[in-house]
Amino acid sequence: MIMNKYKTIDYPASVGEQEKGKEPVLSVRNLAISFKTDEGMVKAVRGVSFDLYKEETLCIVGESGSGKSVTNKTIMGILPKSARIESGSIVYEGEDLTQVSEDEFHNIRGTKIGMIFQDPLSSLNPIMRIGKQITEVMLINGHHLKNLFKDIVNDSFIKLKNDERLLQLAESDLKHALADIKAAIAKEKADAKVEERTPNLEPLMAKQSDAKAVFQAKKADLKAIIAEDRAAYSAKKKEAKQAVREKRSALRKEHWEKLRPIYKSFFDKTPSNEAKAKIAEAKKKYEAAMALPENNPSEDELIDLYASIVNPKEKAVAELKQKLESLSSNKNTDQGLVAYNECRLALRDAKKAAALAKKEAKKAVHEKKYGARDAYLAEVRPLYKALLTFPAFKKAYDGFLIEHRRYLSCLRVTHKEAKERALKIMAEVGIPQPERRFYQYPFEFSGGMRQRIVIAIALTAHPDILICDEPTTALDVTIQAQILELINELKAKHHMSVIFITHDLGVVANMADRVAVMYAGKIVEYGKADEVFYSPAHPYTWALLSSIPDVDSKEKLEAIPGTPPNMLFPPKGDAFAARSKYALGIDFKEEPPMFELSPTHYAATWLLDERAPEYKMPSIVATRIKNSLKRAKKQTGGKKDE
């Protein structure tokens with residue numbers, strides 16, 4: 001494949017024309033980051049620019065030490081103190097994240113921009129149950145009145161902190177400028193001593209004075225702005241406190257209005273009053289009944305009643321006994337024995353009838369004497385029981401609990417709400433039996449499951465951007481594929497934008513909408529995934545593609561010779577030139593510009609310059625592209641230009 005020559009773009013000031021119908025969620029321009037070490041300043045990132053669009057996955061690929069993670073830690077605001085942002089901007093929601101204070105990053109980090117780290121075990125607390133780790137953020141950030149206060153004062157507070165941050169940056173810039181001037185003065189003195197001349201320090205001293213004067217003027221302006229910011233913040237605080245008081249008062253009033261009928265229903269006297277009235281009515285009836293003569297029988301009347309029922313039966317028993325005695329003398333004959341046995345059976349039945357008559361007599365006597373009282377007690381006993389019980393108590397208590405939970409949910413995210421949300425997210429990220437797993441510790445999970453937990457934690461705040469810092473490196477191939485598929489599903493479901501950091505182009509093929517290839521702190525090729533995979537233009541991209549195992553290619557895998565450069569002393573020209581067999585002479589002298597292969601595809605290599613000799617990409621890369629296109633054509637049934 002013969003490569004053509006292309007025009008250049010103004011990179012890193014821009015990354016070409018913005019795609020039609022798309023708005024970048026995040027724009028990084030000319031970002032340069034260095035680290036202060038004992039040996040000197042390490043130039044980790046050198047002029048990186050890219051755009052991240054809504055619901056897009058941008059994969060940043062490159063070897064270890066290429067600046068991938070440093071770039072994304074800068075976006076998250078978690079650079080160490082030794083880091084120094086030399087230049088550039090990271091624009092998110094119209095604000096430059098390189099200029100904001102740590103207080104504003106608290107509102108962004110984890111809530112609007114989430115991050116998944118490489119090792120899930122180091123990201124999780126080993127002695128805390130995973131349920132608590134997932135719900136922790138929701139509970140801490142879920143105080144609604146505090147959030148109302150923050151929402152009101154946020155703009156003025158952030159402006160104050162950002163202006164204070166600008167003052168700190170100005171002081172830091174002065175410090176570095178004075179250090180550079182001091183080093184230049186020392187160098188001038190040393191050179192003058194060697195050359196045996198008087199050192200020319202006047203320009204340097206003037207530069208030092210100018211730097212101090214500029215700083216003092218800037219400091220005075222910033223202090224005046226900061227004083228205004230503090231006054232505005234103080235006014236907003238008063239406004240916010242008043243709003244919180246009014247909100248709390250309104251919630252309490254509403255809460256009490258809902259509780260008042262519930263409290264009354266706890267001891268509702270309506271049932272007891274009704275019972276008391278019925279008891280009084282029954283008592284009157286009882287007293288009236290007891291005044292009647294038939295309900296106040298004498299002892300003689302009761303005895304006569306008893307005797308009238310029992311005596312006939314007793315008399316029959318006595319007669320049968322006499323008869324049985326008279327028949328006992330004739331038992332020796334068959335006829336006498338039959339008569340005797342018949343009489344004995346009749347006596348047994350008579351005794352049973354007499355016993356039954358005694359019971360009936362006792363019952364009749366009791367009813368005659370106590371019938372009115374028993375009827376009264378039967379009527380008032382359930383009424384007295386109703387006085388000692390509260391049928392509506394359970395219903396009232398349930399109503400109280402429901403209202404109390406509603407009131408708490410107006411104040412903050414409750415533990416119950418947080419748990420329900422956590423269980424839902426755990427199921428969403430593919431953790432089986434979330435109710436049981438909620439109470440387990442990280443060591444009870446496999447590596448893939450731990451990574452799912454980290455993803456669940458990142459999703460609790462519904463971030464706009466999810467940064468994945470090599471989340472599959474420590475996992476086996478099968479689990480890798482599952483995690484990648486999960487991230488793609490969650491991105492589509494939650495409408496997130498994803499920045500995926502990796503050194504594996506095989507992973508990139510399954511994830512990326514757009515690819516940025518980084519080497520030695522710079523983006524050397526940038527474009528849509530199909531463009532980078534099917535039309536790679538930079539020798540470093542070729543080298544990465546040549547090192548991926550492929551079942552269809554017969555060529556031997558090519559290792560990239562040498563090692564990445566020492567960024568204490570960044571190489572002149574193209575940083576990859578020393579490791580590239582396609583390097584030109586100019587690659588060692590001058591850094592290549594960014595050439596535009598298409599409106600969305602760019603590469604920084606002198607091979608695309610019109611003065612460069614014609615060349616062909618490596619055969620192994622061309623073969624793999626051809627095989628990939630054939631597979632794609634078979635799978636889709638469509639046509640792809642080779």
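Numbers here simply count residues along the sequence, with the first being 1. As a basis for the values below, the full set of heavy atoms in this structure was taken, side chains included, without hydrogen atoms, waters or symmetry mates.
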For this session: Answer yes or no: is there a donor N or O on one side and an acceptor on the other, between the side chain of R46 and the main chain of K522, under 3.5 Å?
Result: no
Exercise. What closest approach, in Å, do A512 and A529 show between heavy atoms, and which atom pair accounts for it?
Worked result: O-CB, 3.5 Å
Seminar exercise, completed: Here the gap from E403 atom CD to R260 atom CZ, rounded to the nearest 0.5 Å, amounts to 12.0 Å
Exercise. Just by modelled atom types, is the T472 backbone N or O under 3.5 Å from a matching donor or acceptor in the Q480 side chain?
Worked result: yes
Exercise. Does the side chain of N30 pick up a donor-acceptor pair with the side chain of S49 at under 3.5 Å?
Worked result: no
Exercise. Does the side chain of P432 reach to within under 4.5 Å of the side chain of M449, using non-hydrogen atoms?
Worked result: yes
Exercise. Around H106, counting heavy atoms of other residues, nucleotides and ligands shown, do more than 12 lie under 6.0 Å from its NE2?
Worked result: yes
Problem set entry | Under-4.0 Å salt bridge between K278 and E281 | no
Problem set entry | Any donor-acceptor pair under 3.5 Å from S497 side chain to Y53 backbone | yes
Problem set entry | Donor-acceptor contact below 3.5 Å, side chain D96 vs main chain V91 | no
For this session: Flag the pair H144 / C410 as yes when at least one side-chain heavy-atom distance between them is below 4.5 Å, and no otherwise.
Result: no
Exercise. Taking the side chain from E86 and the backbone from S34, do they hold a donor-acceptor pair closer than 3.5 Å?
Worked result: no
For this session: May I have the step-by-step check of side chain to side chain contact (heavy atoms under 4.5 Å, CB included) for L408 and H404, ending in yes or no?
Result: CA-CA 6 Å; L408 288 180; H404 184 63; 3.6 Å; yes
For this session: With sequence neighbours excluded, tell me which residues meet salt bridge (charged side-chain N to carboxylate O under 4.0 Å, His left out) with R109.
Result: E102
Exercise. Are the charged groups of E164 and R230 less than 4.0 angstrom apart, N to O?
Worked result: yes
For this session: For residues 409-420, pull every pair meeting salt bridge (charged side-chain N to carboxylate O under 4.0 Å, His left out), keeping only residues two or more places apart or in separate chains.
Result: none
Exercise. Just by distance, do the side chain of D163 and the backbone of L222 share a donor-acceptor pair under 3.5 Å?
Worked result: no
Exercise. Which one of L26, V498, L52, I465 satisfies the side chain to side chain contact (heavy atoms under 4.5 Å, CB included) criterion with L58?
Worked result: L52
Exercise. Does any non-hydrogen side-chain atom of I499 lie less than 4.5 Å from one of I75?
Worked result: yes
Exercise. Partners of D469 by side chain to side chain donor-acceptor pair (under 3.5 Å), sequence neighbours excluded?
Worked result: S69
For this session: Any pair with a residue in residues 479-493 that passes salt bridge (charged side-chain N to carboxylate O under 4.0 Å, His left out), sequence neighbours left out, goes on the list, sorted by first then second residue, please.
Result: E428-K493, K491-D513
For this session: Enumerate the residue pairs fulfilling salt bridge (charged side-chain N to carboxylate O under 4.0 Å, His left out) with a member in residues 165-174, sequence neighbours excluded, ordered by first and then second residue.
Result: none
For this session: Can you measure from CG (D398) to CD1 (I262) and round to the nearest 0.5 angstrom?
Result: 10.0 Å
For this session: State whether R436 and E444 are salt-bridged, where the test is any N-O pair (Lys NZ or Arg NE/NH1/NH2 against Asp/Glu carboxylate O) under 4.0 Å.
Result: no
Exercise. Mind checking what makes salt bridge (charged side-chain N to carboxylate O under 4.0 Å, His left out) contact with R245, not counting sequence neighbours?
Worked result: none
Exercise. Tell me the salt bridge (charged side-chain N to carboxylate O under 4.0 Å, His left out) pairs involving residues 140-151, sequence neighbours left out?
Worked result: none
Problem set entry | Closest contact, heavy atoms only, R29 versus F50 | NH1-O, 3.4 Å
Seminar exercise, completed: Sorted by chain and residue number, the side chain to side chain donor-acceptor pair (under 3.5 Å) partners of Y92 (sequence neighbours excluded) come out as D464
Exercise. Excluding sequence neighbours, so at least two apart, what forms ring-ring contact (aromatic ring centres under 6.0 Å, His included) with Y407?
Worked result: H255
Seminar exercise, completed: Hits for ring-ring contact (aromatic ring centres under 6.0 Å, His included) against F438, two or more places apart or cross-chain, chain-then-number order -> none
Exercise. Under a 4.5 Å cut-off applied to non-hydrogen side-chain atoms, are P471 and I487 in contact?
Worked result: yes
Exercise. Are the side chains of Y526 and D51 in touch, meaning some heavy atoms are under 4.5 Å apart?
Worked result: yes
Exercise. Looking at residues at least two apart in the chain, or sitting in another chain, which of them share a side chain to side chain donor-acceptor pair (under 3.5 Å) with H415?
Worked result: none
Problem set entry | Side-chain heavy atoms of I226 within contact of L166, under 4.5 Å | no
For this session: Would you name the heavy atoms of P120 and G447 that are closest together and state the gap between them?
Result: CG-O, 4.0 Å
Problem set entry | Partner set under side chain to side chain donor-acceptor pair (under 3.5 Å) for E246, not counting sequence neighbours | Q242
Problem set entry | Validation row: I425, I455 side chains within 4.5 angstrom (heavy atoms) | no
